[in-house]
Amino acid sequence: MSSRHVSRRRFVTWSLAASLALCAGVGPLRAAESATAVDVIATLQPFVARQVLAGAVTLVADKEGIVSHQAIGMADIAAKKPMTLDALFWVASTSKMFTGAAVMMLVDEGKVDLAAPVATYLPEFAGLMVAVKQGGQTTLVKPGHAVTVRELLNHTSGLPFLLPAEQGKIDVFTVADTVAQSAKLTLAFEPGSAYQYSNCGINAAGRIIEVVSGTSYEQFLQQRLFTPLGMKDTVSIPSAEQLTRLATAYRPTKDKSALEAVPINYLTYPLDAPTRHPCPGGGYFSTARDLAAFARMLLNGGELDGRRYLSGPAVAQMTSKQTCALSANYGLGCGVDGAGHGFGHGGAYSNDLWVDTRCQLITIYLVQHNGYGGSDGGKILGTFKQAAQAAFGR
């Protein structure tokens, strides 16, 4: 047992009454740590009271397991439905981490080369051109080098964020169709010379998974990651039962004095329609517990509960800066700390997963907010992270 865990047990006791008072639940933790867990979630209570935040699920974990798993506030304000530990959230771009990990599995197996041109796996990418503006006119030129797999995963390919044909919706085309359309676009810059956040690039990486593995993107992730990790609620198309646990999405009213319920504007409804399609760049729903399993696997260097998913070198590449001399800090499907102290990803509706490698701590913050009410919404995530690190960090 580590000294960190011994020191916790000297002063931490059960505090069920405080937990109930906060409308928060304690999951299966190392039991003596539950009082500290309640202290972490309590830091968000003022934001809920001021109607800045509707509700949240937070989780803190380390290599050994979950040390705090809490819910606070409301999943649906109008229905007076409290937030619960198993609440489902659209995790948006945090999905990119799944795609990055899946590609790295194929790299480990020698089936994908990060330095190879994308056209090696997707021949339709062979003719990509770069748009160059000269003298007020735009001309198309052949890039100095072909877009590589690495450049798809680190957002330096020159491909745009979304396809024009998607009209802001990320689930209207199959992975194959989105890539076929992306291959007809022009690059905004020379590959590798700049950073431009790109769902199109990550979607193309998802298509490489399909072509190389001979199975669909969604099936590959389910069979190789989600099922063995026990991530039973990580899906692109939620079931009817899962939708009963979906947290309502909110945005602030025009004067920011309150919150109003809204649909998730990047997705088409109904969310369980079979006509919706998976999106490698941001299409997954998940829970805090599911994300914790995935994050713990990465924190443990690609292994969890005796099963290896990724090699240590593959995890190191994925979670370290891959954008070279550019100012942007991004790995392969995940954001990174420029100083090399952590990695993770956030999502469009304010969720966040972060792995702090200095204190060996995972923090997961799940909300469904397209902006916050009040004036201090930007402080919520930092408040939670600071409380988590103060309570559990090394």
Side-chain angles (χ1 to χ4, degrees), residues 59 61 63 89-108 112 114 148-157 159 161 195-206 208-209 217 221 224-226 229 231 234 279-284 286 288 290-304 309-324 326-358 360-366 381 385:
L59 187 148
K63 286 185 176 181
F89 297 82
W90 174 55
V91 297
S93 284
T94 300
S95 306
K96 289 178 171 67
M97 294 186 71
F98 306 148
T99 305
V103 170
M104 294 310 293
M105 285 179 161
L106 296 172
V107 171
D108 270 342
V112 171
L114 293 173
T148 66
V149 177
R150 187 186 306 275
E151 289 162 345
L152 294 179
L153 290 169
N154 68 10
H155 301 296
T156 64
S157 67
L159 290 169
F161 173 47
Y195 176 92
Q196 178 173 280
Y197 193 70
S198 172
N199 261 27
C200 289
I202 301 295
N203 290 344
I208 290 174
I209 293 169
Y217 166 81
L221 265 62
R224 298 289 299 274
L225 277 172
F226 303 152
L229 282 168
M231 298 169 66
T234 304
C279 172
Y284 275 91
S286 193
D290 276 15
L291 292 178
F294 177 74
R296 286 184 59 226
M297 178 271 291
L298 293 176
L299 181 58
N300 278 283
E303 185 175 0
L304 189 67
Y309 296 81
L310 290 165
S311 69
V315 173
Q317 277 200 86
M318 176 183 170
T319 61
S320 61
K321 183 171 180 176
Q322 299 292 314
T323 46
C324 301
L326 300 177
S327 59
N329 294 314
Y330 206 85
L332 300 173
C334 68
V336 299
D337 183 319
H341 295 155
F343 60 89
H345 221 295
Y349 275 49
S350 305
N351 64 284
D352 185 82
L353 183 160
W354 189 255
V355 180
D356 189 317
T357 53
R358 290 171 300 180
Q360 297 287 287
L361 206 63
I362 297 161
T363 53
I364 295 171
Y365 169 78
L366 293 183
L381 176 59
K385 284 188 173 181

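One is the number of the first residue; the rest follow in order along the sequence. These figures come from a predicted structure and were not determined experimentally.
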Open item on the list: Can you confirm whether M97 sits close enough to S95 that some side-chain heavy atom of one is under 4.5 Å from a side-chain heavy atom of the other?
Closed with: no
- [ ] Please name the pair of heavy atoms, one in Y309 and one in M297, separated by the smallest distance, quoted to 0.1 Å.
- [x] CD1-CG, 3.6 Å
Open item on the list: Has S198 got a side-chain atom pairing as donor or acceptor with L159's backbone, closer than 3.5 angstrom?
Closed with: yes
Open item on the list: How long is the straight-line distance from OG1 of T94 back to OH of Y284, given to the nearest 0.5 Å?
Closed with: 13.5 Å
TODO: Any chance you could lay out the salt bridge (charged side-chain N to carboxylate O under 4.0 Å, His left out) test for K385 and D352, step after step, and finish with the verdict?
DONE: CA-CA 10 Å; K385 284 188 173 181; D352 185 82; 3.3 Å; yes
Task: S286 vs F294, side-chain contact (heavy atoms from CB on, under 4.5 Å): CA-CA, chis, key distance, verdict - done: CA-CA 11 Å; S286 193; F294 177 74; over 6 Å; no
TODO: Answer yes if the side chains of K96 and Y330 hold a donor-acceptor pair under 3.5 Å, and no otherwise.
DONE: no
- [ ] Can you measure from CG (L304) to CG (L310) and round to the nearest 0.5 angstrom?
- [x] 12.0 Å
Open item on the list: Tell me the closest heavy-atom pair linking V103 and A205, and the distance in Å.
Closed with: CG2-O, 4.0 Å
Task: For the student: nearest non-hydrogen atoms of K321 and T323, plus distance - done: CE-OG1, 3.1 Å
Task: Euclidean distance, I362 CD1 relative to L298 CG, rounded to 0.5 Å - done: 8.0 Å
Open item on the list: Could you check whether any side-chain N or O of N329 sits under 3.5 Å from a backbone N or O of V336, counting only pairs where one atom can act as donor and the other as acceptor?
Closed with: no
- [ ] Give the minimum heavy-atom separation between I209 and A102, together with the two atoms involved.
- [x] CD1-CB, 3.5 Å
Open item on the list: Which residues pass the side chain to side chain contact (heavy atoms under 4.5 Å, CB included) test with A348, not counting sequence neighbours?
Closed with: W90, A92, Y266
TODO: Enter the distance from L229:CG to L291:CG here, rounded to the nearest 0.5 Å.
DONE: 11.0 Å
TODO: Could you check if a side-chain atom of L366 sits within less than 4.5 angstrom of a side-chain atom of F89, using non-hydrogen atoms only?
DONE: yes
Task: I208 CD1 to T99 OG1 distance, which is reported to the nearest 0.5 Å - done: 11.5 Å
Task: Any donor-acceptor N/O pair, E303 side chain to N300 backbone, under 3.5 Å - done: no
TODO: Might you point out which heavy atoms bring N203 and P280 nearest each other, and give the distance in Å?
DONE: OD1-CD, 3.2 Å
Task: Ring center gap for F98 and F226 short of 6.0 angstrom - done: yes
Task: F161/H155 aromatic ring centres below 6.0 Å - done: no
Task: Of L153, L152, N154, the residue whose pairing with L114 passes side-chain contact (heavy atoms from CB on, under 4.5 Å) - done: L153
Task: Atom pair CZ (R150) and OG1 (T156), whose distance is rounded to the nearest 0.5 Å - done: 9.5 Å
- [ ] Kindly determine whether Q317 and L332 satisfy side-chain contact (heavy atoms from CB on, under 4.5 Å), including the steps that lead there.
- [x] CA-CA 7 Å; Q317 277 200 86; L332 300 173; 4.2 Å; yes
Open item on the list: Could you report the tightest heavy-atom contact between N199 and S93, atom names first, then the distance?
Closed with: OD1-OG, 4.5 Å
